[in-house]
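Beneath this line is the structure, given in structure tokens, with notes to follow.
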Amino acid sequence: MFKKILYLCLFLSATTLQSQVKLLSWNIENLGSSKSDSTIVFIANTLKNYDVVALQEVVAGDGGGQAVAKLANELNTKGAKWDYVISDPTSSSAYKTERYAFLWKTAIVKKFGKAWLEQKYNQEIDREPFYCTFEYNNKQFTVVNFHAITKNNQPETEIKYFKFLPEQYPNLNLLFVGDFNCPQSHTVFNPLKKMGYQSAFQNQKTSLKKECKENNCLASEFDNIWYKTANIKTIKAEAIHFYNAFTTQKKAREISDHIPITINFKIN
């Protein structure tokens, strides 16, 4: 009898885990040839337990694509098969242009169709978002990967166009992820909130200070994940404080000046 109960508990636990997608978003800061092999290994170890990864700040030149390929190869040594896609450079000025990347476990999700950069608002949005649709248990979701202009340049002037995207893609289950350089409390997000979108994080700082002061190492609430509550149920939201693995903030910032954010979610 005890064994039967144990098997049932294990089965239910496995079923629960299999019904969730684990999504991670990270502004990796200048992911390119400047990242050492040991840095790539550290990043891979941070990502390996997730199903879908959205990266911002892949450099447009100087080894950005090669760094993503190295990262995927390293992930493939961790016990699961990974695939990846990299965007073309964004259409902003050469000084600010970047690439985005998605990586995913092929046994968990399948890429559906081609990934694409936003075309309609590519002039209004400096680093236009990168979309990729995934299929999980015969249900689809589309991750909109985004890196806003800096706070000093008023990112709300381009985030305001996000309110048009659900109508532009009415058949897609959109999740907006990335570095918005803007807190979720800003009024620019009110139109999305009125449409039923919710941020996975509130009052969660995600950018790293140059130095920790009294164990206070985070500076600003910039990164987030937005999803429509009618379509998505979040089981868990977590920020990964990877800098705790380093003796100094300077060493941690060699990895990135942002921490990763993650959600476990179910598709309704």
Side-chain angles (χ1 to χ4, degrees), residues 20-32 40 43-44 46-60 64-65 67-69 71-72 75 80 82-90 98-106 108-118 125 127-136 140-148 155 159 162 165 169 172-182 184 197 199-201 204 206-207 222-228 232 234 236-240 242 255-265 267:
Q20 300 177 20
V21 179
K22 293 181 284 188
L23 169 66
L24 181 146
S25 174
W26 198 357
N27 177 340
I28 208 68
E29 192 190 16
N30 295 325
L31 181 58
I40 293 293
I43 294 170
T46 305
L47 305 181
K48 66 182 181 180
N49 293 323
Y50 298 90
D51 304 322
V52 179
V53 171
L55 298 180
Q56 304 91 46
E57 261 199 57
V58 178
V59 298
V68 175
L71 178 56
L75 283 166
W82 289 75
D83 203 350
Y84 67 94
V85 63
I86 308 169
S87 76
D88 291 332
T90 55
E98 296 172 5
R99 297 178 189 265
Y100 298 98
F102 289 106
L103 303 98
W104 64 94
K105 285 178 180 172
T106 58
I108 305 296
V109 300
K110 298 185 184 302
K111 179 171 165 287
F112 186 84
K114 292 184 178 180
W116 73 97
L117 284 167
E118 173 60 40
I125 301 175
R127 292 178 287 242
E128 64 271 32
F130 186 46
Y131 301 72
C132 192
T133 299
F134 298 95
E135 188 169 278
Y136 177 78
Q140 293 175 6
F141 61 96
T142 301
V143 183
V144 186
N145 198 355
F146 179 58
H147 183 199
I159 295 172
F162 275 53
L165 299 181
Y169 301 102
L172 298 183
N173 183 7
L174 301 176
L175 293 93
F176 301 106
V177 313
D179 176 7
F180 296 89
N181 277 312
C182 194
Q184 59 81 30
Y197 283 84
S199 63
F201 298 88
Q204 173 62 62
T206 57
S207 63
F222 284 163
D223 303 80
N224 222 314
I225 298 172
W226 292 84
Y227 60 94
K228 193 167 186 178
I232 296 291
T234 297
K236 178 183 179 182
E238 182 181 14
I240 301 176
F242 78 88
I255 304 294
S256 180
D257 58 353
H258 286 246
I259 61 174
I261 54 173
T262 77
I263 61 170
N264 292 12
F265 69 91
I267 305 170

| request: Please list, chain by chain and in numerical order, all residues satisfying salt bridge (charged side-chain N to carboxylate O under 4.0 Å, His left out) with K236, sequence neighbours excluded. | output: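 In terms of salt bridge (charged side-chain N to carboxylate O under 4.0 Å, His left out), with neighbours along the sequence ignored, K236 is linked to E238.
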| task | With sequence neighbours left out, write down each residue that passes salt bridge (charged side-chain N to carboxylate O under 4.0 Å, His left out) with R127, or none if nothing qualifies. | result |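 E98.
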| Centroid-centroid under 6.0 Å between F176 and F162 rings |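 Yes, the ring centres sit under 6.0 Å apart.
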Decide yes or no for [X] and [Y]: does some side-chain heavy atom of the first lie under 4.5 Å from some side-chain heavy atom of the second?
| X | Y | result |
| --- | --- | --- |
| L172 | V144 | no |
| C132 | F130 | no |
| L174 | Y197 | yes |
| E118 | L165 | yes |

Using every non-hydrogen atom in the two residues, find where [X] and [Y] come nearest and quote the distance to one decimal.
| X | Y | answer |
| --- | --- | --- |
| A101 | V58 | CB-CG2, 4.0 Å |
| Q184 | F201 | CG-O, 3.4 Å |
| F146 | P129 | CD1-CG, 4.0 Å |
| I159 | C182 | CD1-CB, 3.9 Å |

Using the test side chain to side chain donor-acceptor pair (under 3.5 Å), find all partners of [X] that sit at least two apart in sequence or belong to another chain.
| X | result |
| --- | --- |
| S256 | none |
| T106 | none |
| E29 | none |
| N264 | Q20 |

Drop me the distance from [X]'s [atom1] to [Y]'s [atom2], to the nearest 0.5 angstrom.
| X | Y | atom1 | atom2 | answer |
| --- | --- | --- | --- | --- |
| R99 | D88 | CZ | CG | 6.5 Å |
| Y169 | T142 | OH | OG1 | 9.5 Å |
| L117 | I125 | CG | CD1 | 11.0 Å |
| T234 | I263 | OG1 | CD1 | 4.5 Å |
| E128 | N145 | CD | CG | 12.0 Å |
| L55 | L31 | CG | CG | 6.5 Å |

| said: Could you work out, with ring pair (Phe, Tyr, Trp, His ring centres under 6.0 Å) as the rule, every residue matching F112, not counting sequence neighbours? | reply: none
| field | Residues in ring pair (Phe, Tyr, Trp, His ring centres under 6.0 Å) contact with F134, at least two apart in sequence or another chain | value | F102, W104, F141
Which residues satisfy the side-chain contact (heavy atoms from CB on, under 4.5 Å) test with [X], sequence neighbours excluded?
| X | value |
| --- | --- |
| N30 | E57, V59 |
| T206 | Q204, F222, D223, H258, I259, I261 |
| A72 | Y84, L103 |
| L24 | W26, L47, Y50, V53, I240, P260, T262 |

| said: With side-chain contact (heavy atoms from CB on, under 4.5 Å) as the criterion, how do I255 and I43 come out once you've worked through the C-alpha distance, each side chain's angles and the decisive distance to 0.1 Å? | reply: CA-CA 8 Å; I255 304 294; I43 294 170; 4.1 Å; yes
| query | Donor-acceptor pair, D51 side chain versus K105 backbone, under 3.5 Å? | reply | no
